[in-house]
Amino acid sequence: MRDTEETPAATLRLLHWYDRHARVLPWRVGPGDRAAGVRPDPYRVWLSEIMLQQTTVAAVRDYFRRFTERWPEVAALAAAEDAEVMAEWAGLGYYARARNLLKGARAVVADHGGRFPDSRDGLLTLPGVGPYTAAAVAAIAFDEPATVVDGNVERVVARLFRIETPLPAAKSELTRAAASLTPAVRPGDHAQAMMDLGATICTPRNPACGLCPLIHGCAARAAGDQATLPRKAPKVAKPVRDGVLWIACRADGALLLETRPDSGMLGGMLGWPGTDWDRSGGPSDPPLTALWRDAGPELRHTFTHFHLRLRVLVADVPADAVPLRGAFVAQAAFRPSALPTLMRKGWNVAAAAIRHPNDTARLA
DNA sequence: CATCCGTGGAT
DNA sequence: TATCCAAGGAT
């Protein structure tokens with residue numbers, strides 16, 4: 001291990017900076033409390049790390065609060081209904097995370113006696129936990145000197161060591177560079193300090209080098225090309241795909257919804273029946289025979305790897321309508337907040353176009 | 001190693 | 001408006 005090695009001076013400077021400038025975050029035990037012996041709750045660390053995968057702190061805050069209020073410990077989450085967890089995750093994106101979150105919670109209860117594995121290798125066995133998350137939880141919750149490499153750390157070390165290899169090929173090189181900075185002391189604070197530095201000082205554009213505790217050892221800063229690092233492989237253009245969404249409103253106000261299959265886009269989420277999006281609207285049929293009409297302008301939504309243009313069709317159907325797909329959900333039980341953002345957009349377009357029972361009563 | 005998988009804010 | 005980007009993982 002590194003016990004007998006000296007902690008690099010730069011690492012000490014970074015920890016000192018963290019002691020003064022650590023962000024205050026709902027899932028974090030700050031450096032002051034940590035020094036006083038307060039231990040982070042592994043469940044909260046794990047939950048926050050899953051939520052933070054490819055997701056901004058600002059977007060995560062409210063979700064983390066709602067999840068921990070509703071499911072304060074891993075056993076409670078493990079016992080939750082799948083649909084409830086997916087509904088609570090709706091809008092946060094990357095829904096495989098939510099499916100794996102539940103699997104992970106249940107694995108902790110079923111296979112680990114309700115306690116999280118306390119090592120990087122043990123954590124890696126949990127679904128949804130990869131190299132980053134395993135190292136982060138091991139370091140932050142269990143003080144294991146694991147090297148944590150996320151997008152922030154990649155940027156920081158690419159600049160410190162002026163590594164010009166483009167990502168993702170540079171990944172292993174960046175990991176080795178980050179490992180050379182990982183101390184035996186305060187590994188959790190060090191990991192969070194690296195990420196805070198990347199998030200607040202060593203930012204992708206216009207890094208605030210004048211405020212950086214590591215400026216003296218920064219090779220890119222010395223060369224003046226810090227803003228161009230890390231280099232990245234060129235991105236592929238997003239194709240445009242088309243599709244149709246069918247939103248049926250029954251005479252009693254019930255709405256036709258379906259739970260999407262676990263695989264594919266928005267997997268496991270509630271949504272309106274629709275066509276596939278891989279062709280030009282697809283040849284598939286509507287979920288029931290009705291007089292379908294355009295609800296409004298074409299919906300536009302951009303996913304990670306394609307742009308989507310969706311026609312939203314609506315129909316008012318009789319009380320005895322029998323759908324070919326999906327199931328009617330009573331008006332009182334329908335919560336738009338349980339839908340992923342795309343489906344919520346579809347509802348916003350449709351709501352203005354369907355005839356509500358109240359309107360019917362008023363017209364009668 | 002490449003591809004798939006969301007979303008919203010910043011620029 | 002278009003592009004980039006954020007505490008990545010699974011396949």
Side-chain angles (χ1 to χ4, degrees), chain A residues 22-23 25-28 44-64 86 89-101 103-104 123-141 146-156 166-172 175 178 188 190-200 202-206 227 230 232-241 260-269 271 277-278 300-308 339-345:
Chain A
R23 286 178 291 175
L25 301 171
W27 46 84
R28 170 177 286 177
R44 293 168 61 91
V45 175
W46 165 77
L47 176 61
S48 68
E49 293 298 346
I50 300 292
M51 288 183 165
L52 286 161
Q53 291 168 3
Q54 294 291 287
T55 308
T56 58
V57 165
V60 164
R61 282 183 185 276
D62 286 348
Y63 284 86
F64 180 83
M86 299 311 287
W89 195 278
L92 196 55
Y94 283 140
Y95 298 103
R97 294 185 295 171
R99 302 194 301 271
N100 286 329
L101 187 80
K103 288 181 190 167
L123 289 157
L124 267 177
T125 67
L126 298 175
V129 175
Y132 162 75
T133 305
V137 175
I140 296 170
T147 299
V148 175
V149 184
D150 73 331
N152 289 305
V153 177
E154 287 176 351
R155 187 169 55 254
V156 169
L167 284 166
K171 180 75 176 182
S172 63
T175 299
H190 170 75
Q192 295 177 94
M194 290 286 284
M195 295 188 280
D196 277 22
L197 187 70
T200 64
C202 195
T203 51
R205 287 177 286 244
N206 302 321
K232 298 192 175 178
K235 310 204 169 174
V236 297
K238 292 176 167 62
V240 177
R241 296 184 185 179
R260 301 173 64 82
D262 278 353
S263 62
M265 297 293 305
L266 312 179
M269 297 303 291
W277 304 332
D278 48 355
R300 296 185 176 204
H301 192 78
T302 297
F303 290 107
T304 308
H305 53 295
F306 63 92
H307 301 287
L308 181 62
L339 301 177
T341 298
L342 171 68
M343 298 297 174
R344 219 176 292 176
K345 286 184 182 177

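What you see below is based on every heavy atom in this structure, not just the backbone, and it leaves out hydrogens, waters and symmetry mates. Here is how names work: the chains are called A, B, and so on, in the same order as the sequence lines, proteins then strands, and each is numbered from 1.
- Looking only at atom types and distance, the side chain of Q53(A) has no donor-acceptor partner in the side chain of Y132(A) under 3.5 Å away.
- Here W89(A) lies out of heavy-atom contact (under 4.0 Å) with every strand.
- Atom-to-atom, CD of E49(A) to C1' of dA6(C) comes out at 13 Å; the value is rounded to the nearest Å.
- For L124(A) and dG9(C), the CG to P distance is 9 Å, given to the nearest whole Å.
- Nucleic acid contact class of T302(A) (heavy atoms, under 4.0 Å, all strands): base.
- Between the CD atom of E154(A) and the P atom of dG8(C) there is a distance of 8 Å, rounded to whole Å.
- Comparing R205(A) and L92(A) by the nucleotide of DNA chain B that holds the closest heavy atom to each, the one mapping nearer the 5' end is L92(A).
- Between the CD1 atom of I50(A) and the P atom of dA6(C) there is a distance of 19 Å, rounded to whole Å.
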Step-by-step side-chain contact (heavy atoms from CB on, under 4.5 Å) determination, Y63(A) to L47(A): CA-CA 10 Å; Y63(A) 284 86; L47(A) 176 61; over 6 Å; no
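- Residue-level contact check: V129(A) touches the backbone only, with heavy atoms under 4.0 Å from sugar-phosphate atoms and none from bases.
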Using Watson-Crick and G-U wobble pairs with both distances under 3.5 Å, what is the 5'-to-3' dot-bracket string of DNA chain C, with [ ] for crossing pairs and | for pairs outside the strand? .|||||.||||
Passes side-chain contact (heavy atoms from CB on, under 4.5 Å), L25(A) versus R61(A)? Steps please. CA-CA 8 Å; L25(A) 301 171; R61(A) 282 183 185 276; 3.6 Å; yes
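- Contact annotation: K235(A) side-chain N/O to dC5(C) OP1/OP2 distance is under 4.0 Å.
- Nucleic acid contact class of R155(A) (heavy atoms, under 4.0 Å, all strands): sugar-phosphate only.
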Stepwise, does the side-chain contact (heavy atoms from CB on, under 4.5 Å) test hold for D150(A) with L52(A)? CA-CA 11 Å; D150(A) 73 331; L52(A) 286 161; over 6 Å; no
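- Place N100(A) and W27(A) on DNA chain C by their nearest nucleotides, and W27(A) ends up nearer the 5' end.
- Scored by the side chain to side chain contact (heavy atoms under 4.5 Å, CB included) test, Q54(A) finds Y94(A) as partners (sequence neighbours excluded).
- Remark: P of dG9(C) and CD of Q54(A) are 9 Å apart, rounded to the nearest angstrom.
- An OP1 or OP2 oxygen of dG8(B) is reached within less than 4.0 angstrom by a side-chain nitrogen or oxygen of T341(A).
- Distances shorter than 4.0 Å separate none of the side-chain N or O atoms of H301(A) from OP1 or OP2 on dG6(B).
- The aromatic rings of H301(A) and F303(A) lie perpendicular to each other, with more than 60° between the two planes, well past the 30° mark.
- Relative to the side chain of T133(A), the nucleotides dG6(B), dC5(C), dG9(C) differ in distance, and dG9(C) lies closest.
- Side-chain atoms of R97(A) lie closest to dG6(B) of the nucleotides dG6(B), dG8(C), dA10(C).
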Would you please test W27(A) and I140(A) for side-chain contact (heavy atoms from CB on, under 4.5 Å) and show each step? CA-CA 11 Å; W27(A) 46 84; I140(A) 296 170; over 6 Å; no
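- Using a 4.0 Å heavy-atom criterion, one finds that G198(A) contacts no nucleic acid atom at all.
- Straight-line distance from the CG atom of L342(A) to the P atom of dG8(B): 10 Å, rounded to whole Å.
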Provide a list of protein-nucleic acid N or O atom pairs under 3.5 angstrom, restricted to nucleotides 2-5 of chain B.
unit_1	atom_1	unit_2	atom_2	d
dC5(B)	OP2	H305(A)	NE2	2.7

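- Of all the heavy atoms in M86(A) and A98(A), the pair that sits closest is SD-CB, 3.7 Å.
- A distance of about 22 Å separates the P atoms of dG8(B) and dG9(C), rounded to the whole Å.
- With rounding to whole Å, R99(A) atom CZ is found 10 Å from dA10(C) atom C1'.
- Proximity note for P204(A) (side chain, C-beta onward) versus dC5(C), dG8(C), dT7(B): the nearest is dC5(C).
- Between the CG atom of L308(A) and the P atom of dA2(C) there is a distance of 15 Å, rounded to whole Å.
- The distance from atom CG of D196(A) to atom CZ of R28(A), rounded to the nearest 0.5 Å, is 4.0 Å.
- A cation-pi arrangement is found for R260(A) relative to W277(A), the charged atom lying closer than 6.0 Å to the ring centre and inside a 45° cone about the ring normal.
- In terms of heavy atoms, C202(A) sits closest to R155(A) at O-NE, 2.6 Å.
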